[in-house]
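Order of appearance sets the numbers: ligands from 1, and atoms from 1 within every ligand.
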Amino acid sequence: MSFFAPLPQQPADALLALIGLYRDDPRAHKLDLGVGVYRDEAGRTPVMAALKQAEKRLWESQDSKSYLGPEGNAAFTRHMRALAFGAGDFGGRITGVQTPGGTGALRLAAELLAAAKPGARVFVGTPTWPNHPPLLAAARLTTQTYTHFDVATQRLCFDEMMAALGTAQAGDVALLHGCCHNPTGADLDGDQWAALADLLADRGIVPLLDLAYQGLGHGMDADAAGVRLVLDKVPEALIAYSCDKNFGVYRERVGALFALTAKAADADRVNSNLLSLARANWSMPPDHGAAAIALLMEDPDLVVQWRTELDGMRDRLRAVRDTLAAHGGALAHVAEQNGMFSQLPLSPPVIARLRAEHGIYMAGSGRINIAGLTVETAGRFAQAIAACV
Ligand code: LMR
């Protein structure tokens with residue numbers, strides 16, 4: 001009998017499968033609202049011009065591809081730390097490592113949590129990014145869900161969130177989306193973040209903050225404001241940072257994991273655990289994207305160029321949201337939501353009809369990637385929904 005015989009056939013990842021289904025659809029007017037990549041007006045996902053410049057300089061200046069070590073590119077990590085944490089120095093209580101994308105950061109966070117407290121309980125608001133639960137389960141953490149967002153009414157369930165976290169005990173973990181909630185776009189406002197920060201601190205809950213879309217909601221600092229309110233209140237926290245979207249480096253796999261420790265004296269020990277877990281997982285993170293971003297961040301002109309490009313991406317998403325919301329119905333709340341995604345109150349048969357009859361590809365949950373639309377195609381999308389509901 002084959003050693004591999006006990007392995008069941010695993011289903012393809014439903015979200016990633018949309019890439020192939022869309023590609024194979026011959027219809028010219030098809031719309032790809034599936035996987036979360038930014039697209040410009042022409043439907044392209046270009047390499048950002050500032051990054052391209054940095055890559056050129058990297059190619060010209062890099063004289064070795066020798067190993068750097070499990071910590072990755074230290075200059076990159078220092079710059080990402082400033083983007084996430086802001087100017088505050090937190091008295092030497094922050095440590096961080098470069099990771100293979102935001103997913104690598106989350107996986108490393110999950111393993112660190114499991115190493116500190118095997119089977120630790122993680123509170124997760126639903127719906128959430130479909131890869132969150134399996135990633136936590138892979139580290140043998142336990143998950144406790146609560147409702148973050150009611151899709152039918154498009155309402156953020158803040159009271160439900162506070163009630164659920166009010167039952168947590170010291171040493172439980174809360175997985176929180178830092179901004180541009182994936183899949184709903186429904187973020188907490190400043191007062192809600194402040195109340196949440198107090199609750200986390202009061203109950204001794206460790207926040208695991210997933211910051212994957214900084215700059216695509218309201219701006220770089222505005223999108224980190226809630227995270228920073230939490231960091232100011234709690235003694236310990238983890239931040240999983242992704243550069244996929246805000247630097248457009250998806251396939252390069254660029255991210256970082258940061259730990260805020262209770263005392264500065266803890267930071268080295270926590271860091272040594274991050275390094276040994278990283279070593280056992282991937283040994284060292286891929287270098288190219290992080291090295292290019294580090295070069296970009298060290299040139300003020302390139303930073304201005306990158307920020308301008310990012311502002312343009314955010315403005316485009318906002319314009320599409322405003323256009324969609326003006327159509328009302330299932331789209332009425334889209335302008336109140338942030339970032340690349342909204343989860344529409346559409347039934348599975350409607351989602352299937354949109355695909356079959358109109359060539360519109362979206363996740364089976366009703367999540368749409370706003371960047372898959374333009375101000376021009378938004379009307380066609382709205383009409384297709386009206387024809388199918
Ligand atoms: C998404 O949610 O579409 C992206 O984060 C891509 C992914 O890996 O799922």
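In Tyr250, neither the side chain nor the backbone holds a heavy atom less than 4.0 Å from any atom of ligand 1. Only side-chain heavy atoms of Asn182 come within less than 4.0 Å of ligand 1; its backbone N, CA, C and O stay farther off. At a heavy-atom cutoff of 4.0 Å, ligand 1 is contacted by the side chain of Lys245 but not by its backbone.
Tested against Ser342 for a side-chain hydrogen bond (donor to acceptor under 3.5 Å, both in side chains), the candidates Arg321, Glu336, Arg367 yield a single pass: Arg321.
Taking every non-hydrogen atom of Val35 and a distance limit under 4.0 Å, the qualifying atoms of ligand 1 come out as 3 (O), 6 (C). Listed by number with element, the atoms of ligand 1 under 4.0 angstrom from any heavy atom of Tyr213 are 5 (O). Listed by number with element, the atoms of ligand 1 under 4.0 angstrom from any heavy atom of Leu15 are 1 (C), 2 (O), 3 (O), 9 (O).
Polar contact check, Leu16 against ligand 1: no nitrogen or oxygen pair lies under 3.5 Å apart.
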Verdict with reasoning, Val122 to Asp172, per side chain to side chain contact (heavy atoms under 4.5 Å, CB included): CA-CA 6 Å; Val122 185; Asp172 283 339; over 6 Å; no

Show the numbers, then the answer: is there a salt bridge (charged side-chain N to carboxylate O under 4.0 Å, His left out) between Glu309 and Arg314? CA-CA 9 Å; Glu309 288 179 81; Arg314 183 176 63 251; over 6 Å; no

Go through Val334 and Ile370 one step at a time and tell me if the side chain to side chain contact (heavy atoms under 4.5 Å, CB included) criterion holds. CA-CA 9 Å; Val334 163; Ile370 299 288; 4.0 Å; yes

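The closest side-chain heavy-atom distance from Lys263 to Arg93 is not below 4.5 Å.
Residue Leu51 comes nearest to Ala292 through the heavy atom pair CD1-CB, 4.2 Å, listed as atom of the first residue, atom of the second, then distance.
Given atom 8 (O) of ligand 1, the protein heavy atom at minimum distance is Trp129 CZ2, 3.6 Å.
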